[in-house]
Amino acid sequence: MSSSKATSSLVGTKIRPTSQSRRRMVKALALAPFLPAVLSNVELTPAQTQSKPEAKPATPAQTAPQELKPSPEAEALAEVVKQRYGKYLTDEQMVEIKLGLERGVRSRQRIRAFKLTNADEPVTMFQALDLPRVKS
Amino acid sequence: MLSEDILYSPVASLALKIRTQKISPVELTESYLTRLEAIGPKLGALVTLMREQALEQARAAEKEIKSGRYRGPLHGIPFGVKDLLATKGIPTTWGAAPYKSQVFDYDATVVEKLRNAGAILIAKLAMVELAGGMGYNNPDASFTGPGRTPWNTNFWSGGSSSGPGAATAAGLVAFSIGSETSGSILTPSACCGLSGLRPTYGLVSRHGAMALCWSLDKLGPMCRTADDCGLVLAAIAGKDPQDPTSVSRKFDYPLNPAAGTDGTGRAGVTVSTATSKRRFKIGVIKDSTKDIQPEVKANFEQTIQVLQQYCDVTPDVVFPDFPWGNVVGTIVNAEGASAFFDLIESGKLAELQTPRDRIGGYTASVVSAVDYLQAMRIRGPMQRAYQEFMTQFDAVIAPTRSAVAPPIGVDFDKAYPEVKGGTPLIPAGNAVGAPALCVPNGFGQNGLPTSIQFLGAPFSEKILVEIGNAFQARTPWHEKHPSIS
């Protein structure tokens, strides 16, 4: 439901950027200056969501996927992937998948940190169809 | 074979020549087909050449025009589409090996609309496999090989509309249609020195287009001028009952009645001149040029000077701070993994070209429903903040990309490690469904084009094109063409 409360809560719910979060954003964008954003968003996430950002800007090498360490959550998700799709995947690919999952976990941390009100609906567009009635 | 001067002409100029019967649609089509055959494969731009159908359509167009039935500025104009648009009886490969033999028995609405406007579809153009939805990290991400920019074929043409970018910039088609989920029209337009227009979400029907993300996918023109983008968008915009997300809004491109030389002021005689009398309000995103390639920065700063001739430019505008990239990335993962559920379950991701794409679908498939819905809920506050922000400006600007096109054969994160800056305009604009126009604004390293993007409010395409027209009336960059044969 869209409400005036939801609208007026806009400013209040907005994440207030800290200098650290801005720095992380800049670092993240640096990783993919020319990527299609579809990809760059995925690539951006590690640096945007690190819980303990480095004091100085990281170079791409510092944040390269091979230096990510999968968290317990990423390890658990990797188990799900292995259960579902392990038959298609090599051990080497599973290592890459864990790193990809870790990037996703970190990205979603920032989404989860965003404050929403109960009135904030997802922007889906389901509409009930007004079908012709059965003729008696 | 028509001269390169003609083949590189903007649509508006070609239209005038066709309308006044100075060139024939058949001759024009044959010339582009010949050039596509010779150059298209070198650029990794071509999937399917449609010679027979195109010539048949060109002959029909010629006959119609000679009989006095001129349909408008796209009549007799040859074009190409990204190979994710369904074309009846012609393979539609989505750039991916598992779909190489896929054939639909209907045309995408955009293809149909352009045919009705009299335009001639001559080729299905290459693209990054599945429009990049599986997370590619290297230019070599299509079963047709990497797209190459005609400005320097050792470098990428951008993605995921790689073929439309390369083919339009190399004068192999008069214009093309690309798609954007988040960056896939603007990036190749920037890498190839084109004018690219990402329309407002819902303005152009997606019926018949490959779905990557239902709530983000858009189709739009990739052209040699902003003016051409306006002409093409006018032909493809509008409500389509077959796409429930399409909206009941038309895009009537303002033709300049004083322009042209045939004295009629009719369609096809537009030129790149601003039609608005007022000064536009432009905001420059703060830190747009911080830690980007020096040539990109220098060209952007010169562009601002040009804009100041006809716009009120506000520097250092702080863009609303939201997790733009995180939200778009989560939505792409969730919707993409659902859209390609069958492919992922089948194990045929292994047939994709680039190693990252062979695993991306598996990681995407474990995004939870709650995380996806949280991302979709944040889009509401994002839209409202963006709406409020854009009450101050006709457009906000930043370099389209912080660096020129990356080299072929190098993973993206290793191409320009010294470049650390950038803005979130591309994911932000896509998250809120806003339109953006990018135009070339000079050259950078290795003779590669640089670009500026104008991000506007939803349904402000006309203003963006006017701003672009006025910029191109004052600069030569859109008139430069690569030397390729």
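So you know, we letter chains A, B, ... as the sequences are listed, proteins then strands, and number each from 1.
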Per-residue contact mode, B:I292 against chain A (heavy atom under 4.5 angstrom): neither
Does either side chain, that of A:Q109 or that of A:R106, offer a donor lying less than 3.5 Å from an acceptor on the other one? no
Residue pair B:R379 / B:A431: nearest heavy atoms and the distance that separates them: NE-O, 2.9 Å
Proximity breakdown for A:V80 and chain B, heavy-atom pairs closer than 4.5 Å: side chain
Interchain contact, B:S451 with chain A, by part (heavy-atom threshold 4.5 Å): neither
Check whether the side chains of B:N333 and B:T330 place a donor and an acceptor atom closer than 3.5 Å, and report yes or no. no
Would you mind checking if A:D120 and B:R384 are paired as a salt bridge, meaning a charged N to carboxylate O distance below 4.0 Å? yes
Under 4.5 Å, counting heavy-atom pairs only, tell me which of B:G360, B:S365, B:S215, B:P139 racks up the most with chain A. B:S365
Sort B:A375 into side chain, backbone, both or neither according to what part of it lies under 4.5 angstrom from a heavy atom of chain A. both
Residue B:P188 versus chain A: region with a heavy atom under 4.5 Å: neither
Where is the tightest heavy-atom contact between B:S160 and B:Y136, given as atom of each residue plus distance? N-OH, 4.1 Å
So does B:E180 pair up with B:R198, basic N to acidic O under 4.0 Å? yes
Given B:S346, B:S368, B:P399, the one with more heavy-atom pairs under 4.5 angstrom with chain A than any other is B:S346
As a test of understanding, state which of B:T354, B:D411, B:D357 forms a side-chain hydrogen bond (donor to acceptor under 3.5 Å, both in side chains) with B:N138. B:D411
Walk me through it: do A:V123 and B:Q383 pass the test side chain to side chain contact (heavy atoms under 4.5 Å, CB included)? CA-CA 10 Å; A:V123 294; B:Q383 283 183 295; 3.8 Å; yes
Which of B:I344, B:V367, B:V128 touches chain A most, by non-hydrogen pairs under 4.5 Å: B:I344
Whatever's closer than 4.5 Å to a heavy atom in chain A on B:T245 counts as both
Would you say the side chain of B:V327 lies within less than 4.5 Å of the side chain of A:I111, judging by non-hydrogen atoms? yes
Chain A heavy atoms under 4.5 Å from B:E345: which part of the residue, side chain, backbone, both or neither? both
Contact list (residues 85-94 of chain A to chain B, heavy-atom gap under 4.5 Å, by number) returns A:Y85, A:Y88, A:L89, A:Q93
Without hydrogens or angle criteria, can the side chains of B:R206 and B:S246 be said to hold a donor-acceptor pair below 3.5 Å? no
Under the side-chain contact (heavy atoms from CB on, under 4.5 Å) test, which residues partner A:P70, sequence neighbours left out? A:A74, A:E75, A:K98, A:L99
